[in-house]
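Accompanying notes for the structure given below.
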Amino acid sequence: MTVGEMAERVEISHRTVRYYDDEGLLPARRSAGNYRLYGEDALARMMTIRRLKPLGFTLEEMRKVLALLDAASAPSSATDPDRPQLLERLVELEADVRQRREKLEEHVAGADEIIASLRPLLP
DNA sequence: CTTCTGACA
DNA sequence: TGTCAGTA
């Protein structure tokens with residue numbers, strides 16, 4: 001699929017997709033006319049990025065997360081001599097995401113309070 | 001019409 | 001991240 005298609009499918013502006021691509025976060029090929037071409041794999045990555053963003057991950061952090069996920073899902077990871085360290089990092093990532101999730105909940109609670117404070121002011 | 005790159009806001 | 005320009 002082209003950038004426009006990708007952008008539409010993940011509901012992110014084509015400008016942003018292009019930016020992530022330029023930053024090396026997406027696996028893309030080029031058409032004869034130099035158009036970016038993406039596969040389902042790129043789409044899956046884009047979705048992961050979309051979920052990471054609201055958690056506050058920076059592009060650099062996303063780069064690491066994606067690399068870790070790739071390494072963990074690679075067929076060779078089963079025999080990788082560093083399997084323990086890989087699992088270790090996955091555990092750390094999970095803890096990190098859990099912590100960010102908590103932060104989001106606090107934000108939601110804050111929004112609820114604002115809403116509640118508005119209620120008595122409205123007709 | 002869509003995408004590309006680079007630049008500016 | 002949006003938009004504008006000039007292309008392919």
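Below, chains carry the letters A, B, ... as their sequence lines are ordered, and counting in each starts from 1. In this text the structure is predicted, and so the values were computed from the model without any measurement. Only this structure's heavy atoms are used, side chains among them; waters, hydrogens and symmetry mates stay out.
- In this structure, the CE atom of A:Met6 is 17 Å from the C1' atom of B:dC4, given to the nearest Å.
- The shortest distance between the side-chain N/O atoms of A:Arg30 and the OP1/OP2 oxygens of B:dT5 is below 4.0 Å.
- Distance, A:His14 NE2 to B:dT2 P: 11 Å, rounded to whole Å.
- Between the CZ atom of A:Arg36 and the C1' atom of C:dA8 there is a distance of 14 Å, given to the nearest Å.
- Positionally, the nearest nucleotide of DNA chain C for A:Tyr20 lies more toward the 5' end than for the other of A:Tyr20 and A:Gly33.
- Base pairing of B:dT2: its partner is C:dA8, meeting the Watson-Crick or G-U wobble criterion (both donor-acceptor distances under 3.5 Å).
- With C:dT1, B:dT5, B:dT3 as the candidates, the nucleotide lying closest to the side chain of A:Val3 is B:dT3.
- For A:Asn34 and B:dT3, the CG to C1' distance is 9 Å, given to the nearest whole Å.
- Between C:dT1, C:dG2, B:dC4, one nucleotide has an atom nearer to the side chain of A:Thr16 than all others, and that is C:dT1.
- Atom CG of A:Asp22 is separated from atom C1' of C:dT1 by 13 Å (rounded to the nearest Å).
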CA sep, side-chain torsions, deciding dist, call: A:Met6, A:His14, side chain to side chain contact (heavy atoms under 4.5 Å, CB included): CA-CA 8 Å; A:Met6 167 73 94; A:His14 73 280; over 6 Å; no

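- Distance, A:Leu37 CG to B:dT2 C1': 12 Å, rounded to whole Å.
- For CD of A:Glu105, the number of neighbouring non-hydrogen atoms (other residues, nucleotides, ligands) closer than 6.0 Å is greater than 12.
- Side-chain contact check for A:Glu61 versus A:Leu52: every heavy-atom pair is 4.5 Å or farther apart.
- Atoms CG (A:Asp21) and P (B:dT5) sit 8 Å apart, rounded to a whole Å.
- Other residues, nucleotides and ligands contribute at most 12 non-hydrogen atoms within 6.0 Å of the CZ atom of A:Arg29.
- Note: OH (A:Tyr19) to C1' (B:dA7) measures 15 Å, nearest angstrom.
- Residue A:Thr2 is classed as a sugar-phosphate contact, given heavy-atom separations below 4.0 Å to backbone atoms only.
- Of the side-chain N and O atoms in A:Ser31, none sit less than 4.0 angstrom from OP1 or OP2 of B:dT3.
- Environment of CD in A:Gln85: crowded, with over 12 heavy atoms of neighbouring residues, nucleotides or ligands closer than 6.0 Å.
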